[in-house]
Amino acid sequence: MKALVVNCGSSSVKYTLFELENEKKMAWGLIECIGLPEAFYKRQTINSEEKKEAVKVANHTEAVELIIKGLLDKNKAMISDVSEIAVIGHRIVHGGDKFSKSVLVTDKVKEELKECFSIAPLHTPAHYAGILAVEKMLPGIPSVLVFDTAFHQTMPDYAYMYALPYEFYEKDHIRRYGFHGTSHNYVSQRAAVLLRKPLSELKLITAHLGNGSSITAIENGKVIDTSMGFTPLQGVVMGTRCGDIDPAIIAYLIGQYPHYKDAKTLNDLMNKKSGLAGVSGLSADMRDILKAVSEGNKKAQLAFNMLVYSIKKYISAYYGILNGVDALIFTAGIGENSAPVRESICKNLSVLGIEIDVEKNKERSSEERFISTNSSKVKVLVIPTNEELMIARESRKVLENNK
Ligand code: ADP
């Protein structure tokens with residue numbers, strides 16, 4: 001029995017086919033630049049090399065159709081019959097406050113998802129198109145929606161509310177939602193296994209550090225707080241996003257510059273032109289920043305220091321909120337791969353009982369591992385995230401619960 005995980009982004013579709021018995025990845029790939037002349041299709045299977053080709057796809061529906069046809073291609077023998085696919089898991093970026101857990105797709109669920117269009121206008125219509133395209137290509141096979149926001153729905157109201165007039169919460173659903181929930185959920189579950197303790201007895205801080213980054217405080221398996229907010233802009237300094245700023249800066253820019261009058265320009269400024277890229281003037285990629293730092297580039301050093309400092313602030317705050325922490329977990333592109341970032345974050349946090357072993361931290365590995373000293377009160381771990389596998393597991397669970 002197989003699970004097909006589908007992730008429709010604003011201009012891309014990614015997919016992974018899992019064999020559910022052994023959780024092995026059988027086939028995976030993506031179509032990017034949908035609707036553009038440079039659209040391409042990259043795919044790979046467990047027994048074939050990566051292939052990349054230019055394709056013409058006008059929309060998400062066509063992209064999903066192409067992918068499914070590819071998987072069913074008799075010559076590749078990835079799936080000999082459609083009935084081998086037990087479930088399709090769709091990654092959904094934003095479930096608003098309608099969805100606090102993964103759900104089986106029904107007509108009612110599709111209607112409720114439509115109500116989330118305005119809250120994530122770049123992503124939700126793409127997800128919706130993906131769901132319909134899969135239904136058309138694989139009729140009768142159940143689909144499950146797995147939300148990035150769902151894991152964070154356990155936050156208490158005083159953590160998720162913004163101190164704006166209450167009507168904005170009631171009318172516009174403006175509140176903190178949090179993102180990367182599937183990743184925070186996955187690494188917290190893995191941490192419990194590695195720490196040999198049930199999640200219900202653990203206090204954890206998970207740091208998902210990629211192009212977009214978020215920090216989450218988890219107690220007894222439940223999210224208490226998370227750094228991203230109403231959108232994935234809030235929180236720590238990121239590749240191209242500014243993270244926390246004084247919101248009055250926006251009003252100031254609108255007053256000062258005629259150019260910054262509309263929502264799109266301001267959103268572009270804060271989401272696409274800020275963060276590491278904006279401060280360094282160089283790159284959003286941590287590898288470029290580290291290289292420039294080693295060459296003595298002052299702005300790159302400043303951008304690096306700001307990113308590290310902002311993460312330290314969240315870790316310190318969440319340590320206090322949780323009243324102590326058992327483990328700090330690093331994951332995603334930067335969290336899994338960048339020893340200098342991890343070392344700088346953990347440096348001078350010994351007051352919290354966080355001590356990393358500098359040598360262990362430097363060892364390159366794609367394995368789950370401890371990087372704290374033996375005497376560190378707080379264990380520090382690196383756990384590669386696996387959002388696709390988590391979606392496949394969730395989809396299987398929902399399917400079994402609905403039998
Ligand atoms: P996304 O949020 O798009 O999923 P990723 O989790 O793939 O992003 O993370 C991308 C980030 O990871 C980039 O800033 C990249 O520079 C960083 N990264 C990847 N490998 C390394 C490495 N070896 N050293 C430092 N940073 C790295």
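Just follow the structure's listing: the first ligand is 1, and inside any ligand the first atom is 1. Values below: every heavy atom of this structure, side chains too, minus hydrogens, waters and symmetry copies.
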Side chains of [X] and [Y]: is there a donor and an acceptor less than 3.5 Å apart?
X      : Y      : value
Gln301 : Asn297 : no
Ser102 : Glu394 : yes
His123 : Ser10  : no

Hey, is Gly212 one of the residues with a heavy atom under 4.0 angstrom from ligand 1?
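Distance cut 4.0 Å: Gly212 passes for ligand 1.
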Would you check the N or O atoms of Gly210, main chain and side chain alike, for any that come under 3.5 Å of an N or O of ligand 1?
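No; every N/O pair is 3.5 Å or more apart.
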Hey, is ligand 1 close enough to Asp285 that some N/O pair sits below 3.5 Å?
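Yes, Asp285 has an N/O under 3.5 Å of an N/O on ligand 1.
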Run down the list [options] and name the one with the heavy atom closest to [atom].
atom                    : options                        : result
atom 7 (O) of ligand 1  : Gly333, Ser338, Ala332         : Gly333
atom 13 (C) of ligand 1 : Asn337, Thr240, Leu290, Asn211 : Asn211
atom 17 (C) of ligand 1 : Thr385, Ile334, Thr331         : Ile334

Report the C-alpha distance between Lys313 and Asp244 in whole Å, list the side-chain angles of each, state the deciding distance to 0.1 Å, and finish with yes or no for salt bridge (charged side-chain N to carboxylate O under 4.0 Å, His left out).
CA-CA 11 Å; Lys313 277 211 275 195; Asp244 299 329; over 6 Å; no
Looking only at protein heavy atoms, identify the closest one to atom 24 (N) of ligand 1 and say how far it is in Å.
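Result for atom 24 (N) of ligand 1: Arg287 CG, 3.6 Å.
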Residue and atom name of the nearest protein heavy atom (relative to atom 14 (O) of ligand 1), distance in Å to one decimal:
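The answer is Met286 N, 3.2 Å.
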Would you say atom 4 (O) of ligand 1 has a protein heavy atom nearer than 4.0 Å?
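No, because not a single protein heavy atom sits under 4.0 Å from atom 4 (O) of ligand 1.
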Partner of His184 by side chain to side chain donor-acceptor pair (under 3.5 Å), out of Thr216, Thr385, Thr226, Asp148:
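Of all the options given, the one that passes is Thr216.
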Using the side-chain contact (heavy atoms from CB on, under 4.5 Å) rule, pick out the option among Leu322, Thr206, Ile205, Leu202 that qualifies with Ile218.
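Looking at Leu322, Thr206, Ile205, Leu202, the match for Ile218 under the side-chain contact (heavy atoms from CB on, under 4.5 Å) is Thr206.
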State yes or no: are the ring centers of Phe179 and His94 separated by less than 6.0 Å?
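They qualify: ring centres under 6.0 Å apart.
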